[in-house]
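Report on one structure; see the data block that follows.
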Amino acid sequence: MSSTSQKHKEFVAEPMGEKLVNALAGIGEVLGKRLEEKGFDKAYVVLGQFLVLKKDEELFRDWLKDTCGANVKQQGDCYGCLREWCDSFL
Amino acid sequence: MPVFVEDPAQFSKPRLKSELIAHNVTLPAVESKKQVYVELYLKHIVQKSAADFSSDEEDDDVVEVQDSQDFEEEKDPEMLDPSVLTDEELKTTLLKYGVEAGPIVATTRSIYERKLQRLLKPAQPRQNGGTGDADQYSDSEGDEESVSQQGSPETVSLMEENLHVDIRFESRIPLSSSGPEIKRGNNRSNNQGPRPRPYWQEVATVDKYTMTNRSLFVTPKTSLFKRQIKEPVTDVLMEMFPETEPTPTGIAATRRRPIKGAAGRPVQFKYPDLPASPMTLQRWAVEHRLVPLWVQILVFFIVACLLYLIYAAMEDSLANPFVTLLDNLSMETETEGLSLQAEP
């Protein structure tokens with residue numbers, strides 16, 4: 001239904017390595033900063049949280065909203081991005 | 001890694017609200033700022049949970065502390081206040097509701113607590129069930145009262161596990177009507193087609209104190225809404241054309257009254273004496289003959305009259321004019337012949 005953004009495509013194309021959280025789809029400057037303040041400074045840390053929540057969409061969305069105040073679209077983008085990355089590389 | 005639980009200022013407003021409700025604290029006015037909620041939260045809750053939280057390593061201690069401190073405030077100690085539960089208890093409680101919880105660590109604890117609270121929430125009747133999908137896609141965090149009550153359905157509805165809650169709920173909470181009928185597989189597709197509503201939205205439609213095990217058909221509010229929109233449209237059409245039979249496609253062509261005399265239609269019933277416009281005259285002309293009949297007859301009569309007048313203008317009598325003409329002609333030829341013979 002919704003097409004994936006350029007950011008999404010770039011992120012899922014390769015292992016995330018040491019990419020920053022800003023590289024995640026749906027996470028821009030503001031949200032990235034908030035995440036970093038909470039200690040999620042790298043994308044893999046957010047991935048860690050995603051995995052700890054057992055890749056559950058609702059929980060991850062809740063967590064994202066709670067942590068950095070992402071709106072529904074941003075939550076969805078981030079979740080989709082991580083999930084697809086996991087499908088390819090995990 | 002930051003610890004989420006201890007910092008109420010970090011909580012979202014609905015979280016604070018739900019915490020206050022869980023502790024039977026009266027809520028401030030709806031429009032009040034988050035700070036008010038934080039203060040109330042700090043006032044009422046922190047003092048209680050501080051003691052409990054410090055001893056969350058052992059189950060026994062927690063139970064004792066619960067009994068001593070929470071006895072007055074909580075009727076069902078474990079049900080209303082997930083924050084006093086240990087990780088293990090929280091996990092088992094969630095499992096009771098059919099939620100397969102992952103590891104409950106610092107970062108995930110608050111999430112699972114909130115989830116448990118959402119699961120406990122159906123005790124409150126939903127007042128704004130009519131907000132429907134409108135709130136789901138609102139970006140604002142502060143304006144999430146209805147969303148929180150509906151349990152942020154855009155996320156919950158995608159979670160099929162919530163529906164499993166109904167199965168376990170029967171023994172605990174009177175709402176059970178939406179029980180085992182709504183079973184879904186564990187496919188985590190984002191398919192929002194039949195849009196499963198959170199079960200607690202169904203409270204509005206079901207008397208919460210009836211322990212009926214009848215299946216409750218989950219009619220997504222979106223389709224209801226759309227149906228309501230569509231209905232007036234069809235009614236208008238039916239009003240306008242009441243005698244049209246409903247066709248399968250819904251399209252009915254209305255017959256236009258045929259224009260008499262046009263496009264080859266026979267003029268059976270003459271129009272009343274309307275002043276015939278030149279256009280109609282011409283149209284009639286084209287329709288019948290190149291030259292209309294009456295014009296032909298008129299011309300004929302005119303010509304006949306002219307000839308008669310010419311004839312009448314002659315002074316000769318009417319008696320047998322042809323004979324006289326022939327005589328004249330024969331006489332002329334004779335004279336010519338004689339003249340020709342005479343000359344040479």
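Just so we're on the same page: letters track the sequence lines, and every chain starts at 1.
Side-chain contact between B:Arg114 and A:Asp62 is present, with heavy atoms from C-beta onward closer than 4.5 Å.
Minimum interatomic distance between A:Trp63 and B:Thr107 (heavy atoms only, all atoms of both residues): CD1-O, 3.9 Å. Closest of all the heavy-atom pairs between A:Val52 and B:Pro103 is O-CD, 3.4 Å.
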Steps toward side-chain contact (heavy atoms from CB on, under 4.5 Å) verdict (A:Phe60, B:Ile111): CA-CA 9 Å; A:Phe60 183 70; B:Ile111 307 298; over 6 Å; no

